[in-house]
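What you see is a predicted model, and the numbers here were worked out from it, not measured in a lab.
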Amino acid sequence: MSAGSSHTAIVSLGMSCQSSRQIRTSLDVLSAALGEPIERERHFFDGLIAPVGGMAALFEDGFPLFTRDEIVPGPGHPTWQPYGIRFLHHFREEDDDADIDAHFDEELSRFGYMRDKFADLANRRRVVFVISNSQNNLTEVADETEMGSIAFHAGELSRLQTAVDRFLARRCEYLVVSYPDRHGGIAHPELTVLQPDHSEWTGDKAQWRALFQDYFDRPNRLSFAV
């Protein structure tokens, strides 16, 4: 899950589940740094594998909700085309194989609600998006789903930030988290490069808490990829 208050939102913008996991496990750090109670919030991209380029295209298209024809069986997991967004935990019962037709109406309702909730972020006083590609098994997921490179590209990050800001009709903040071999050499004012950990997907809680503490202890400022 992501997190927030009536004034502030700290929201995962992909590209994997680790962003939302670490937001969720750092509520005490976020609350102390922001001086207000920060609570869990569920948002659209929390549990999705969402490549940056596909996300940029989605928001450039006005963030439409998916149709049945746009959800294809794979490869690997149900995938929202043409954006390449993978649903590893949806369109299925917990331990069953995916069944898109059986679960489509349920997921359409769920994500329709969360799409509207995402649009309502425009009314928060401060919105901070967290984008990370530091999930260890992201390489395996990329291979399984034929996603291609998981490294960041400055042009794609810039497109995504511009498109999200345009969709919400406001400037937002972007906290970017990566690994030494995945940041792609980007020059981003709020890039944090973590040291690799040994978890399968959750990440190193201590490093994430430290980066949240550092970011939110500083004066409020906007960040943009160059």
Side-chain angles (χ1 to χ4, degrees), residues 1-2 11-24 42-118 129-153 155-157 159-160 163-164 167 176-179 181-184 196 199-203:
M1 291 186 183
S2 298
V11 177
S12 170
L13 204 57
M15 54 185 301
S16 65
C17 305
Q18 189 177 111
S19 298
S20 60
R21 162 77 180 199
Q22 291 298 334
I23 293 170
R24 182 174 77 243
R42 190 179 299 278
H43 278 281
F44 196 99
F45 301 101
D46 285 347
L48 306 184
I49 301 296
V52 174
M55 295 270 284
L58 173 67
F59 282 98
E60 288 168 348
D61 288 345
F63 196 0
L65 195 57
F66 51 77
T67 64
R68 174 61 187 89
D69 289 343
E70 291 174 332
I71 305 297
V72 299
H77 297 276
T79 301
W80 182 4
Q81 297 293 12
Y83 307 112
I85 296 172
R86 278 76 172 173
F87 297 85
L88 272 65
H89 310 293
H90 301 87
F91 298 100
R92 70 186 75 218
E93 299 297 336
E94 184 172 351
D95 296 319
D96 292 344
D97 292 336
D99 187 335
I100 298 171
D101 287 330
H103 296 280
F104 182 78
D105 289 343
E106 173 190 357
E107 299 296 1
L108 184 67
S109 176
R110 182 206 311 271
F111 282 101
Y113 168 76
M114 288 195 289
R115 192 258 185 212
D116 292 341
K117 190 175 180 181
F118 190 99
F129 289 112
V130 181
I131 308 169
S132 74
N133 65 353
S134 50
Q135 183 169 310
N136 281 331
N137 70 352
L138 190 56
T139 302
E140 299 168 12
V141 173
D143 290 343
E144 179 186 8
T145 62
E146 301 178 13
M147 190 166 69
S149 174
I150 61 173
F152 285 139
H153 299 275
E156 290 182 346
L157 278 170
R159 280 180 56 212
L160 176 58
V164 171
F167 174 76
V176 179
V177 183
S178 190
Y179 266 175
D181 60 345
R182 295 182 181 180
H183 62 71
S199 68
E200 180 182 7
W201 68 272
T202 55

- Query: Looking only at heavy atoms, what is the nearest atom pair of Ser178 and Asn133, with distance?
  - Reply: OG-OD1, 2.7 Å

- Query: Which atom pair, heavy atoms only, marks the closest approach of Gly76 to Thr145?
  - Reply: CA-CG2, 4.4 Å

- Task: Could you tell me which residues satisfy side chain to side chain donor-acceptor pair (under 3.5 Å) with Ser149, sequence neighbours excluded, listed by chain and number?
- Result: none

- Whether Phe66 and Phe87 hold their rings parallel, tilted or perpendicular, with breakpoints at 30° and 60°: perpendicular

- Message: If I take atom OG from residue Ser20 and atom CG from residue Leu13, how far apart are they, to the nearest 0.5 angstrom?
- Response: 11.5 Å

- Note on the structure: Distance col, row His90:NE2 vs His77:NE2, nearest 0.5 angstrom, shows 12.5 Å

- Rounded to the nearest 0.5 Å, what separation is found between the CZ atom of Phe167 and the CG atom of Asp61? 12.0 Å

- Query: Given side chains that start at C-beta, do those of Ser199 and Asn136 come closer than 4.5 Å, heavy atoms only?
  - Reply: yes

- Message: List the residues meeting side chain to side chain donor-acceptor pair (under 3.5 Å) with Glu146, not counting sequence neighbours, and say none if there are none.
- Response: none

- OG of Ser16 to CD1 of Ile150: how many Å apart, nearest 0.5 Å? 8.5 Å

- Evaluate the side chain to side chain contact (heavy atoms under 4.5 Å, CB included) criterion for residues Ser12 and Val130: first the C-alpha distance (whole Å), next the side-chain angles of each, then the deciding distance (0.1 Å), finally the verdict. CA-CA 5 Å; Ser12 170; Val130 181; 5.5 Å; no

- Note on the structure: Sorted by chain and number, sequence neighbours left out, side chain to side chain donor-acceptor pair (under 3.5 Å) with Glu107 holds for Arg110

- Above 12 or not: heavy atoms from other molecules or residues under 6.0 Å from CZ of Arg42? no

- Item | Heavy-atom closest pair, residues Gly14 and Ser19 | O-OG, 3.0 Å

- So with a 6.0 Å cut-off around CG of Asp97, is the heavy-atom count from everything else above 12? no

- Main-chain N/O of Glu200 paired with Thr202 side-chain donor or acceptor, under 3.5 Å: no

- Enter the distance from Arg159:CZ to Glu60:CD here, rounded to the nearest 0.5 Å. 4.0 Å

Donor-acceptor contacts under 3.5 Å from residues 44-56 side chains, at least two apart:
unit_1, atom_1, unit_2, atom_2, d
Asp46, OD1, Ser2, OG, 2.6
Asp46, OD2, Ser2, N, 3.2
Asp46, OD2, His43, N, 2.8

- Message: Can a donor-acceptor pair be found, under 3.5 Å and without considering hydrogens, that links the side chain of Ser134 to the backbone of Tyr179?
- Response: no

- Task: Would you check if the side chain of Glu70 reaches a backbone N or O of Thr67 as a donor-acceptor pair within less than 3.5 Å?
- Result: yes

- Residue set satisfying ring pair (Phe, Tyr, Trp, His ring centres under 6.0 Å) with Tyr83, at least two apart, ordered chain then number -> Trp80

- Heavy-atom distance under 4.5 Å between the side chains of Met15 and Met147, does that happen here? yes

- Query: How long is the gap from CG on Leu138 to CD on Gln18, to the nearest 0.5 Å?
  - Reply: 9.0 Å

- With side chain to side chain contact (heavy atoms under 4.5 Å, CB included) as the test, would you mind laying out the steps for Cys17 and His89 before giving the verdict? CA-CA 10 Å; Cys17 305; His89 310 293; 3.7 Å; yes

- Message: Once side chain to side chain donor-acceptor pair (under 3.5 Å) is applied, do any residues pair with Arg182, and if so which ones, sequence neighbours excluded?
- Response: Thr139

- Which atom names give the shortest non-hydrogen contact between Arg92 and Pro78, and what distance separates them? NH2-CD, 3.5 Å

- N/O donor-acceptor pair under 3.5 Å between Arg21 side chain and Gly203 backbone: no

- Message: Could you walk me through whether Phe152 and Ile131 satisfy the side chain to side chain contact (heavy atoms under 4.5 Å, CB included) test, starting with their C-alpha distance in whole Å, then the side-chain angles of each, then the deciding distance to 0.1 Å, before giving a yes or no?
- Response: CA-CA 10 Å; Phe152 285 139; Ile131 308 169; 4.0 Å; yes

